[in-house]
Amino acid sequence: MESINVRIDHGDEQRCTPGVTILEVLKIQHPDLFKSAVAAEIEGRLVDLIQVLDRDMNLRIITTDEPVGMGVFWHSTSHVMAQAVKSLFPETKLAIGPAIEGGFYYDFALDRPLTTDDLPRIEEKMREIIKKAQPFVRNTLSKADAIAFFEERGEHFKVEIIQEFPDDIISVYFNDGFADLCRGPHLPSTDYVKHFKLLNIAGAYWRGDERNAVLQRIYGISFPTKSLLDAHLRQLEEAKKRDHRRLGKELDLFSFQVEGPGFVFWHPNGMILYNTIQNYMREMFFKHGYQEIRTPIILNETLWHRSGHWDNYKENMYFTSVDDQAYAVKPMNCPGGLLVYKNSPHSYRDMPIKMAEMGLVHRHEKSGVLHGLFRVRQFTQDDAHVFCMPDQLETEVIRIIDMITEVYEAFGFFQYQIELSTRPARSIGDASMWEQAEKVLQSALNRKGIPFEINRGEGAFYGPKIDYHIRDSIGRLWQCGTIQVDFSMPERFELEYVGADGERHRPVMIHRAIFGSLERFIGILIEHYGGAFPIWLAPVQCVVIPISEKHRDAASDTMTRLTESGLRCRFDARNEKMGYKIREAEMQKIPYMCIIGDRESQDHTVSVRKRKTGDVGSRPVEEFIATLKEEMARRTSD
RNA sequence: GCUGGCGUAGCUCAAUCGGUAGAGCAGCUGAUUUGUAAUCAGCCGGUUGUAGGUUCAAGUCCUAUCGCCAGCUCCA
């Protein structure tokens, strides 16, 4: 019998018998890979491990160490879940069940609403299926046969999907009596799915369209080892502990009230954060050559017609009337800023003009999307508009990039991802302007040596943009900053400047925000720091704790001294033991505690306890103040 | 907006089959005078989100409503 040559992962060629499966080859030749392999890649195509080898080829083995491999793993788990649901509730119709970034889901249509109480039952059934080690078998059918097959099974969602496929070859995976339309590849058998957990249930529309049927979605996660699953669940726990809604309550930062859903009530502690951050941003405005303006919250409706918001943004706006005239509450700051620009003539000598505004905007978000500080209906933008001459555009973009970097680093964000979004299908302005602006943004990023991804067709209708996604301390990405070139507004508002030639010219406008929404950014900071703010942001920086009543006066003096030097302190003179007060200060995540007992009141020192670290010894009050001041100035976290 | 779940004291939660709301923490008062994450005792605290309904009886069942939570195509 002839043999074939197979090369695995760029290794040596191996002689194999035709008809052998990849799995069989691995088992004998690569026992280590055999353990972690989930699929293989042949000439750029993903295939099952039970694929039969019938000719010479190069193979790449996909393991769970790479995202693609985890995708296969999760996808197979979602099949097992669907199989379990189908066996528990036979009338269930299957929609789709893909692997997603952190796990998988499957959408079902069934009459009975699923609840979290059903999850253990489904998990139990899944364990049975896994135990049986049912092989996943791939079959290919013609389009017509596939439609007939799923029609017979009453799986009309599958039929709908197949009908839209361009090719005539449809793959279906079988294990035991379960069959699912699937591109594959899949794990060789169900027992590869070792450790899993179903996480939650939610509603989802068929194809994400609210006009379609509502399906029930189950989310889950799985891993090849228990320790990986446990680590993942711990990470979810960690994220839960950092949830800014929870910390906002625990640290008494803000609240929401039924009287104003989506509108933040800032408490005194939260106000410290809010103002500290805002003051910091003001410093940055001036340091980077911005002038600050403030424009009204409600403005005549005609302005919003002119700006285009009426046509493009009406659904998200609030309206009111003043003296029988129609007014609108601003959802964005730019029109107001444009009016300020237009209020006086401008010379090329003044350009660029950089106007910043801490603008309070209102946007009517659908009730279902409100989410703590992350999605609110009223928020403050650290907005700015840069009006410049076309040849200044690149320099200004680079200056903005530098400013954004500086600001993020002050908050401990050193990693971010950047996307450049280009002209969308529906847009205004001529092609050469777009091309020019896209080139400018790209070249600015290149000159700063910042890697970025291009998001084709995702730009705003009025111009291309750069978006920043910052990575927080537990690895999550948050979209914050944005730099947008705008051709539309200067046109609509007929902005002008007088050039060196004495003629009137149209300026280019850049919109930029660094935090985006101050509310949202504070939410991100709360989660990023887990509520343990660096001292410059901490609402309370130090608690003064007298050990007993007789140290009260000495402690009070210390307290006065600290307050006078501008530190935000709290005096805990309650009739409680020191340990009790320390515990409370730790739970409130206050960075420093000053303990005053006999020794300290005698030598005018303080016994310093640092959050998380514990007792760090005694020192003179003045020395302690100097240390704190220095730490504040450095804006370090811990 | 839509689907599902949840709303009990300031907070975290209990209350069996529908049988007449309870605990810890917090708060207040008192005792204790404390050396690096909870001293002890007593007291206060509720129209069970709101409005209707069913029932001899509703936190519990039904309807409506408000709010909160999970989500609402990372293309089989």
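Quick note on labels: first sequence line is chain A, next is B, and so on, each numbered from 1.
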From [options], pick the nucleotide closest to the side chain of [X]?
X	options	value
A:Tyr219	B:A37, B:G71, B:U36	B:G71
A:Asp615	B:U34, B:G67, B:U36	B:U36
A:Asp598	B:G35, B:G71, B:A37	B:G35

#### Entry: Candidate list A:Arg217, A:Lys158, A:Arg207, test salt bridge (charged side-chain N to carboxylate O under 4.0 Å, His left out), partner A:Asp107, passing option
A:Arg217
### Query
Only one of A:Lys581, A:Arg609, A:Lys612 clears salt bridge (charged side-chain N to carboxylate O under 4.0 Å, His left out) with A:Glu586; which?
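That would be A:Arg609.
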Check whether any side-chain nitrogen or oxygen of [X] sits under 4.0 Å from OP1 or OP2 of [N], and answer yes or no.
X	N	answer
A:His371	B:A70	yes
A:Arg246	B:C11	no
A:Tyr105	B:A70	no
A:Arg211	B:C72	no
A:Lys249	B:U12	yes
A:Arg245	B:C68	no
A:Arg609	B:A37	yes

Between [atom2] of [N] and [atom1] of [X], the distance in whole Å:
X	N	atom1	atom2	answer
A:Ile582	B:U39	CD1	P	11 Å
A:Lys366	B:C69	NZ	C1'	19 Å
A:Glu259	B:U50	CD	P	13 Å
A:Met578	B:U34	CE	C1'	7 Å
A:His75	B:C74	NE2	P	13 Å
A:His551	B:U33	NE2	P	13 Å
A:Tyr580	B:A38	OH	C1'	7 Å
A:Lys158	B:U73	NZ	P	17 Å

Heavy atoms under 4.0 Å, any strand shown: does [X] hit a base, just sugar-phosphate, or nothing?
X	value
A:Gly579	sugar-phosphate
A:Asn200	sugar-phosphate
A:Asp180	nothing
A:Glu600	base
A:Lys581	nothing
A:Arg552	nothing
A:Arg207	base
A:Glu576	base
A:Val369	base
A:Phe256	nothing

Take atom [atom1] in [N] and the same atom in [M], then report the distance between them in whole Å.
N	M	atom1	value
B:G18	B:U60	P	11 Å
B:G30	B:U12	C1'	27 Å
B:C72	B:G53	P	40 Å
B:A37	B:A21	P	43 Å
B:U20	B:U55	C1'	14 Å
B:G59	B:U8	C1'	6 Å
B:A26	B:U34	P	22 Å
B:G22	B:U48	C1'	12 Å

### Sub-6.0 Å ring centroid separation between A:His232 and A:Phe223
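For A:His232 and A:Phe223, the ring centres are under 6.0 Å apart.
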### Query
Is the centre of the A:Phe136 ring less than 6.0 Å from the centre of the A:Tyr173 ring?
no
Polar pairs (N or O, both sides) under 3.5 Å between protein and nucleotides 7-9 of chain B?
none

For nucleotides 3-5 of chain B, which of its nitrogen or oxygen atoms have a protein nitrogen or oxygen under 3.5 Å away, and what is each distance?
unit_1 : atom_1 : unit_2   : atom_2 : d
B:U3   : O2     : A:Gly203 : N      : 3.4

### Task
Please check if the side chain of A:Gln602 supplies one atom and the backbone of A:Arg599 the other of a donor-acceptor pair under 3.5 Å.
no
### Query
Taking 4.0 angstrom as the limit, do A:Glu622 and A:Arg561 come out as a salt bridge?
yes
Taking atom [atom1] of [X] and atom [atom2] of [Y], what is their separation to the nearest 0.5 Å?
X	Y	atom1	atom2	value
A:Arg183	A:His186	CZ	NE2	10.0 Å
A:Gln83	A:Thr92	CD	OG1	12.5 Å
A:His267	A:Phe254	NE2	CZ	9.0 Å
A:Asp145	A:Ile170	CG	CD1	10.5 Å

### Query
In terms of side-chain heavy atoms, does A:His79 have a donor or acceptor partner in A:Asn175 at a distance below 3.5 Å?
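Side-chain D/A pair, A:His79 to A:Asn175: absent.
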### Message
Can you confirm whether the side chains of A:Glu419 and A:Ser421 place a donor and an acceptor under 3.5 Å from each other?
### Response
no
### Query
Between A:Pro98 and A:Met587, which is nearer to the 5' end of RNA chain B once each is assigned its nearest nucleotide?
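Closer to the 5' end of RNA chain B: A:Met587.
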Near [X] [atom1], under 6.0 Å, is it more than 12 heavy atoms from other residues, nucleotides or ligands?
X	atom1	answer
A:Glu238	CD	yes
A:Arg456	CZ	no
A:Glu101	CD	no
A:Glu66	CD	yes

### Message
Quick check on B:C69: syn or anti? Syn means the glycosidic torsion is within 90 degrees of zero.
### Response
anti
### Query
Given the rule that a pair is Watson-Crick or G-U wobble with both distances under 3.5 Å, how would you write RNA chain B in dot-bracket, using | for pairs to a different strand?
(((((((..((((.....[..)))).(((((.......))))).....(((((..]....))))))))))))....
